[in-house]
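Here the structure comes first, spelled out in structure tokens, and everything after it is commentary.
Proteins get letters first, then strands, A, B, ... in listed order; numbering begins at 1 in each.
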Protein chains: 2
Amino acid sequence: MKLIRDINDCKTCAYKSYLFSNLQPEDLSRVNISRIEKEFLPGEHIVRQGDKIASFMYLRKGLLKLSREMEDGKNQIISIARPLDFIGLLSVFSESYYHFSITAIENSTLCFIDLSLMKEIIRKDGIFALKLLENMSNVNEMIMSSWLSINEKNLRGRIAYILLFFCNEIYHTEEYSLPVSRKEIAELIHMRTENVIRILSEFRKDKIIEIEGKLIRVLEKDKLQQIADFG
Amino acid sequence: MKLIRDINDCKTCAYKSYLFSNLQPEDLSRVNISRIEKEFLPGEHIVRQGDKIASFMYLRKGLLKLSREMEDGKNQIISIARPLDFIGLLSVFSESYYHFSITAIENSTLCFIDLSLMKEIIRKDGIFALKLLENMSNVNEMIMSSWLSINEKNLRGRIAYILLFFCNEIYHTEEYSLPVSRKEIAELIHMRTENVIRILSEFRKDKIIEIEGKLIRVLEKDKLQQIADFG
DNA sequence: TATCAATTTTGATATTTATCATATGGTATA
DNA sequence: TATACCATATGATAAATATCAAAATTGATA
């Protein structure tokens with residue numbers, strides 16, 4: 001983790017518009033003063049399950065995973081989060097402690113804003129609060145939808161789904177480097193590591209994808225879509 | 001569905017305190033004037049997937065199910081909702097249309113408050129908005145936690161989990177009438193109807209529970225808990 | 001009451017998925 | 001350099017779960 005100062009002023013931040021656009025100038029300026037900018041490397045924890053929630057977080061750049069460690073020691077990945085996903089909204093306003101860990105899976109830059117300041121602004125500024133409510137709704141709808149989709153698919157369908165997810169939602173290209181291990185894919189779509197590997201190999205043999213370590217090249221997107229939909 | 005007027009004034013509503021307690025008197029009075037009270041019988045739809053969201057809803061009494069119909073026609077039950085679960089919060093503030101259906105599974109009473117009025121009050125009253133944010137966080141944390149729990153269990157564990165859920169969270173007694181069919185249990189914990197029935201029969205044979213149609217009597221709660229935890 | 005449809009039930013069987021074993025290559029570490 | 005530890009990979013097998021079929025029961029309805 002590295003403290004940085006990439007953005008000089010919230011006023012010029014490209015992501016401002018999605019959340020802070022309607023904030024009163026004086027409030028935005030207070031946010032700007034209080035905020036801390038941090039850069040994380042892949043694998044670095046941003047928060048750990050059980051940590052006290054003290055900041056409102058804001059992913060500016062990069063990719064994160066949210067995961068929960070279960071009583072039996074097994075891990076489940078709740079979601080992959082991009083900028084604008086506002087994953088920090090998940091439980092900031094209700095819980096004192098995080099019920100999940102957040103880990104960078106790519107070089108990631110986050111802004112940390114003191115939580116009590118945020119709450120103060122919310123209390124004062126209902127329009128901003130409504131914006132937060134909308135964003136929180138969206139985050140939840142997104143996570144739930146993907147869970148429901150994954151649940152109804154068999155293993156081949158899940159692998160196809162997640163390959164297309166990285167393709168369409170994250171990298172917007174047919175060739176990309178997986179930001180997660182096979183084991184993490186397994187934790188994300190509820191299957192065993194061996195089966196993740198096995199089915200990826202199947203897809204390779206069927207010439208639907210090419211694999212070089214973490215590098216994935218989607219050759220037959222339509223076929224992958226079919227497998228995701230009906231497989 | 002029946003229009004009723006069980007409560008004369010929001011001021012005297014027992015559930016007011018959980019959400020509307022800090023509302024300004026004049027706002028509470030506007031809510032009181034605008035609100036519509038409705039009673040639903042088991043099986044009646046309150047909203048349907050695809051309906052336009054026009055109201056903020058508030059479960060006063062009863063039990064609901066949230067479910068989503070998937071593209072392939074299969075149903076998944078997202079959650080069971082009690083009073084105070086504020087299930088209406090799930091996507092009211094972001095989406096124009098419901099992404100799920102809500103159905104009564106017991107006699108249920110709901111208050112409907114015009115959504116534009118609610119938004120107006122939120123914009124004006126940040127403290128109320130913060131309360132909503134907290135509640136929304138709680139709803140989501142609850143739903144996610146139960147999903148994660150269910151996901152890591154085998155079928156016997158899931159059945160034990162759901163029996164204990166009704167026992168501990170809903171009815172607070174060891175003897176209760178299931179508010180859902182075997183098929184709906186299957187849709188809720190991601191398994192097949194036949195296996196729900198089969199495992200319930202197993203538990204009956206092992207004298208862990210007694211079954212008379214919808215009536216469940218939990219005989220060995222500890223054993224059920226063990227199966228839920230480790231089975 | 002008679003009839004139809006849906007739900008519950010059980011058994012047999014097929015399919016899917018997990019588990020176990022083993023091997024290989026890479027990477028960090030002493 | 002040697003060692004240990006992961007991640008990836010593949011095969012064989014076991015276990016879990018779904019599917020198919022058929023019957024009994026219940027509930028709704030004409």
Could you tell me which residues satisfy side chain to side chain donor-acceptor pair (under 3.5 Å) with A:D51, sequence neighbours excluded, listed by chain and number? none
Interface polar pairs with nucleotides 25-29 of chain C, N/O, under 3.5 angstrom:
none

Mind grabbing the angle between the end helix axes of the helix from C:dT1-D:dA30 to C:dA30-D:dT1? Five pairs an end, 10° rounding. 40°
Could you identify which residues of residues 194-211 of chain A place a heavy atom less than 4.0 Å from some atom of DNA chain D, listed by residue number, or say none? A:E194, A:I197, A:R198, A:S201, A:R204
Separation of B:R192 atom CZ from C:dT16 atom C1', in whole Å? 12 Å
Could you give the CG-to-C1' distance, from A:N151 to D:dA18, as a whole number of Å? 16 Å
Report the distance from atom CE of B:M191 to atom P of C:dT16, rounded to the nearest whole Å. 19 Å
Those residues that, when tested against B:Y98, pass ring-ring contact (aromatic ring centres under 6.0 Å, His included) (two or more places apart): B:F100
Would you indicate, yes or no, if D:dT8 has its OP1 or OP2 atom less than 4.0 angstrom from a side-chain nitrogen or oxygen of A:K214? yes
Holding to side chain to side chain donor-acceptor pair (under 3.5 Å), I want the full list of residues that pass it with B:N107, two or more places apart in sequence or in another chain. none
What residues form a side chain to side chain donor-acceptor pair (under 3.5 Å) with A:D114, not counting sequence neighbours? A:S116
Taking atom C1' of C:dA18 as reference, at what distance in whole Å does atom CD of A:E187 sit? 16 Å
Minimum heavy-atom separation for B:G62 and B:S108, please, with both atom names. CA-OG, 3.5 Å
May I have the distance from A:L155 (atom CG) to D:dT17 (atom P), rounded to whole angstrom? 13 Å
Does any part of the side chain of A:N140, heavy atoms only, come nearer than 4.5 Å to the side chain of A:M136, both counted from C-beta? yes
Would you mind reading off the distance between A:I185 atom CD1 and D:dT8 atom C1', rounded to a whole angstrom? 12 Å
How are the rings of B:W147 and B:H190 set to each other: parallel, tilted or perpendicular (split at 30° and 60°)? perpendicular
Is there a side-chain contact between A:K2 and A:L41, using heavy atoms and a 4.5 Å cut-off? no
Rounding to a whole Å, what distance do you find between B:L178:CG and C:dT9:C1'? 16 Å
Assert: residue with more 5' nearest nucleotide on DNA chain C, out of A:K153 and B:R182, is B:R182
Strictly under 3.5 Å: I want the nitrogen or oxygen pairs between protein and nucleotides 26-30 of chain D, one per line.
none

Applied to residues 71-84 of chain B, the salt bridge (Lys or Arg N to Asp or Glu O under 4.0 Å) test, sequence neighbours excluded, yields B:R82-B:D85, B:R82-B:E169
For residues 224-231 of chain B, tabulate all N or O donor-acceptor pairs below 3.5 Å that involve a side-chain atom, not counting sequence neighbours.
unit_1	atom_1	unit_2	atom_2	d
B:Q225	NE2	B:D229	OD1	3.3

Quick one: which residue pairs count as a salt bridge (Lys or Arg N to Asp or Glu O under 4.0 Å) with a foot in residues 135-157 of chain A, not counting sequence neighbours? A:E141-B:R68, A:R156-A:E202
Kindly determine whether A:D6 and A:R60 satisfy salt bridge (charged side-chain N to carboxylate O under 4.0 Å, His left out), including the steps that lead there. CA-CA 10 Å; A:D6 186 24; A:R60 280 241 318 281; 2.8 Å; yes
NE2 of A:H190 versus P of C:dA18: gap in Å, rounded? 11 Å
Identify every side-chain donor-acceptor pair in residues 215-222 of chain A under 3.5 Å, counting partners at least two apart or on other chains, and give the distances.
unit_1	atom_1	unit_2	atom_2	d
A:R217	NE	A:E210	OE1	2.7
A:R217	NH1	A:E175	OE1	3.3
A:R217	NH1	A:E175	OE2	3.0
A:R217	NH2	A:E210	OE1	3.1
A:R217	NH2	A:E212	OE2	2.9
A:K221	NZ	A:N168	OD1	2.8
A:K221	NZ	A:E174	OE2	3.1

Search all heavy atoms of A:V180 against all heavy atoms of A:E184 and return the closest pair with its distance. CA-OE1, 3.2 Å
